[in-house]
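Report on the following structure.
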Amino acid sequence: MKIFNTLSRRKEEFVPLEAGKVKMYVCGPTVYNFIHIGNARPMIVFDTVRRYFEYKGYDVNFVSNFTDVDDKIIKKAIEEGVDSRVISERYIEECKKDMAAMNVKPATTHPLATQEIGGMLEMIQTLIDKGHAYAAKDGTVYFRTKSFKDYGKLSHKNLEDLQSGFREIKVTGEEGKEDSADFVLWKPKKEGEPFWESPWCNGRPGWHIECSVMSKKYLGEQIDIHAGGEDLIFPHHENEIAQSEAANGKQFATYWMHNAFLNIDNRKMSKSLGNFFTVREISEKYDLQVLRFFMLSAHYRSPLNFSADLMEASKNGLERILTCMEKLRGLEARAGEKEKTQVEKEALEAMKVLTAKYEAAMEDDFNTADAISALFEMVKLANTSAGEESSKAFVTAVREELDGLCQVLGILTEKKEEALDSQIEEMIAARQQARKDKNFALADEIRGKLLEMGIILEDTREGVKWKRA
């Protein structure tokens, strides 16, 4: 299995620190509002990476945090006149709902920044004791960037060229820096903000320190994979490396994985451009399984353009898979217990070849786009080789293989039952009665009215089925 490592800028063979186990940390969202579709991409991508490791038999310890203390959370709390915990707790729950709807598995651990302050104070003190950090007169604690000789190794930037490149939020005490490249580990409280006691001042942590501390606590001093969006490479992940390696004296993460940006209609997602969408807004028009399928339709390191046309294409592609699975389940329920024919055996061998093609794509830096192409080939094979005369053993084998590979991508293969309102239910029942009464003119009239309402009926041997147009 090969992974593109941002640290080396090349694909490397994956070799875990401990055989059969994967320790993986993914930076989670700052919870001050509903998550947007840019947040959704790393959630879906790295959930799929985790699923594939598990499919290959690895025991995965997957940690993803919630940043629940931040300037944006505090600003939102002040606007609403509530405690900042009200905001963070509200949007953590909303985030979890969206993650579940996208079929993103809960992490092994979802730590909260506010619950790990003790560990942050401890690591900061360690950095001070080792000469990697210092406290300014007002109690702000800074990381002494030049004390870490490898600073810039992840972003491949030269420290001397970075003086104006830092986007650390300006805080009281900036004038206390020894060097403009130094970054904040702890900052003094402001009026109306939450704060914690520390040896340096009453205040709260800087953004970067939380991930170093939580990764160490829940995964250990060294981890296999650290991941997130490419916007985190610098300064966030660069600073995490500096903190962790300076404090622990060991390499922090072996592999660094970063997904590319998401654009909307070929423009960078931006509230000012009016092309900013939350996952919740997308769910009003599409099942979020469609969003997941769309996110996996391109390689995670390739920029991805979000548009209505591409979402419709993803919806149609997903429908092909779900329709095939529905057909296989129906055939399986009716199939007889008999020996597989030679033709069926050959079809299963062809399925094995396509499974190998799927796995080869996933093991080449998790190329989900090519894996989905292999799935479509399987769907075509299943549709042409499985029929009413097929043996139960054959249909079951095809269904289980296809279903298992869909699960790796987090694709739910059973169509969700959509809730019809009482009027539509009554109309479908009335049409059925009209058919029983041989009043076919009325049955056709009702069918036409349903079609006008966007409801398509299909008469099958299992009964009437419907779908939205």
Side-chain angles (χ1 to χ4, degrees), residues 6-7 22-32 35 39 42-43 45-47 49-50 60-73 88 92 95 107-127 132-133 141-143 145 148 150-155 166-169 182-187 196 204-259:
T6 307
L7 192 64
V22 177
K23 294 188 287 185
M24 186 170 180
Y25 189 96
V26 178
C27 290
T30 300
V31 283
Y32 67 97
I35 59 171
N39 299 134
M43 288 178 178
V45 163
F46 298 117
D47 174 70
V49 170
R50 171 194 185 174
V60 183
N61 187 350
F62 187 94
V63 177
S64 186
N65 67 306
F66 288 117
T67 297
D68 62 339
V69 57
D70 176 86
D71 287 346
K72 293 176 181 177
I73 296 170
S88 60
I92 285 172
C95 178
T108 309
T109 309
H110 277 298
L112 307 181
T114 57
Q115 295 179 3
E116 307 296 340
I117 300 296
M120 296 182 208
L121 296 175
E122 184 178 328
M123 181 172 282
I124 292 170
Q125 187 61 58
T126 297
L127 290 169
H132 292 291
V141 181
Y142 296 100
F143 184 88
T145 306
F148 185 68
D150 290 332
Y151 194 85
K153 67 179 179 179
L154 180 69
S155 56
F166 285 81
R167 56 182 178 88
E168 181 68 49
I169 297 170
D182 295 348
F183 59 87
V184 174
L185 299 174
W186 188 266
K187 50 191 173 182
W196 290 263
R204 58 188 174 93
W207 174 35
H208 312 298
I209 192 70
E210 66 177 270
C211 290
S212 287
V213 168
M214 290 187 275
S215 179
K216 179 179 179 179
K217 179 176 178 178
Y218 296 101
L219 295 171
E221 293 181 345
Q222 294 181 287
I223 66 174
D224 294 294
I225 298 172
H226 198 311
E230 66 179 6
D231 57 313
L232 299 180
I233 295 173
F234 183 84
H236 186 49
H237 287 168
E238 194 72 74
N239 290 353
E240 277 191 66
I241 290 175
Q243 295 163 164
S244 295
E245 297 189 3
N248 303 324
K250 299 176 181 178
Q251 182 179 11
F252 179 27
T254 309
Y255 306 91
W256 289 83
M257 298 179 68
H258 295 93
N259 64 275

Check R50 against A107 and note the closest heavy-atom contact, atom names and distance. NH1-CA, 3.7 Å
I124 side, atom CD1; M120 side, atom CE - distance, nearest 0.5 Å: 8.0 Å
Heavy-atom nearest pair, P111 first then V63, reads CD-CG1, 3.7 Å
Side-chain donor or acceptor of E230 paired with backbone N/O of H258 under 3.5 Å: no
Taking the side chain as every heavy atom from C-beta outward, state whether D70 and E210 have any pair of such atoms under 4.5 Å apart. no
With sequence neighbours left out, write down each residue that passes side chain to side chain donor-acceptor pair (under 3.5 Å) with E240, or none if nothing qualifies. H226, H236
Atom of I73, atom of V31 and distance for their closest heavy-atom approach: CG1-O, 3.6 Å
Under 3.5 Å: donor-acceptor pair, side chain of D182, backbone of T145: yes
Tell me whether E221 contacts the main-chain N or O of K216 through its side chain, where contact means a donor paired with an acceptor under 3.5 Å. no
Looking at K250, is its backbone amide N or carbonyl O close enough to the side chain of N248 to form a donor-acceptor pair, meaning the two atoms are under 3.5 Å apart? no
Tightest non-hydrogen contact, residues A247 and T126, listed as O-CG2, 3.9 Å
Could you check whether any side-chain heavy atom of P205 comes within less than 4.5 Å of a side-chain heavy atom of E116, counting everything from C-beta outward? no
Heavy-atom check, side chain of W196 versus side chain of W186, under 4.5 Å: yes
According to ring pair (Phe, Tyr, Trp, His ring centres under 6.0 Å), who are the partners of F66, at least two apart in sequence or on a separate chain? H110
Step by step, would you call L154 with I233 a side-chain contact (heavy atoms from CB on, under 4.5 Å)? CA-CA 7 Å; L154 180 69; I233 295 173; 4.1 Å; yes
Test side-chain contact (heavy atoms from CB on, under 4.5 Å) on Y218 and N61 and set out the steps. CA-CA 9 Å; Y218 296 101; N61 187 350; 5.7 Å; no
Check whether any side-chain heavy atom of D71 lies under 4.5 Å from a side-chain heavy atom of R204, and answer yes or no. yes
Minimum-distance pair of heavy atoms, taken over all atoms of A242 and Y151: CB-CD1, 3.8 Å
T114 backbone acceptor or donor facing D68 side chain under 3.5 Å: yes
Value rounded to 0.5 Å, distance of CD in Q222 from OG in S244: 11.0 Å
Does any N or O in the side chain of E238 come within less than 3.5 Å of the main-chain N or O of K153, such that one atom is a donor and the other an acceptor? yes
With Y255 via ring pair (Phe, Tyr, Trp, His ring centres under 6.0 Å) - residues at least two apart: F14
Once you round to the nearest 0.5 Å, how far does CD1 of I209 lie from CD of Q243? 4.0 Å
Identify the heavy atoms of N65 and G28 that sit nearest to each other, and give their distance. OD1-N, 2.8 Å
Taking the side chain from S64 and the backbone from V26, do they hold a donor-acceptor pair closer than 3.5 Å? yes
Quick check for you: to the nearest 0.5 Å, what is the distance between Y25 atom OH and I225 atom CD1? 15.0 Å
Using a 3.5 Å distance criterion without hydrogens, assess whether the side chain of T6 forms a donor-acceptor pair with backbone atoms of W256. yes
Quick check for you: to the nearest 0.5 Å, what is the distance between T109 atom OG1 and F62 atom CZ? 11.0 Å
Does any N or O in the side chain of D150 come within less than 3.5 Å of the main-chain N or O of I241, such that one atom is a donor and the other an acceptor? no
Under a 4.5 Å cut-off applied to non-hydrogen side-chain atoms, are F148 and N239 in contact? no
Okay, side chain of D224, backbone of M24: is any donor-acceptor separation there less than 3.5 Å? no
Quick check for you: to the nearest 0.5 Å, what is the distance between N259 atom CG and M43 atom CE? 11.0 Å
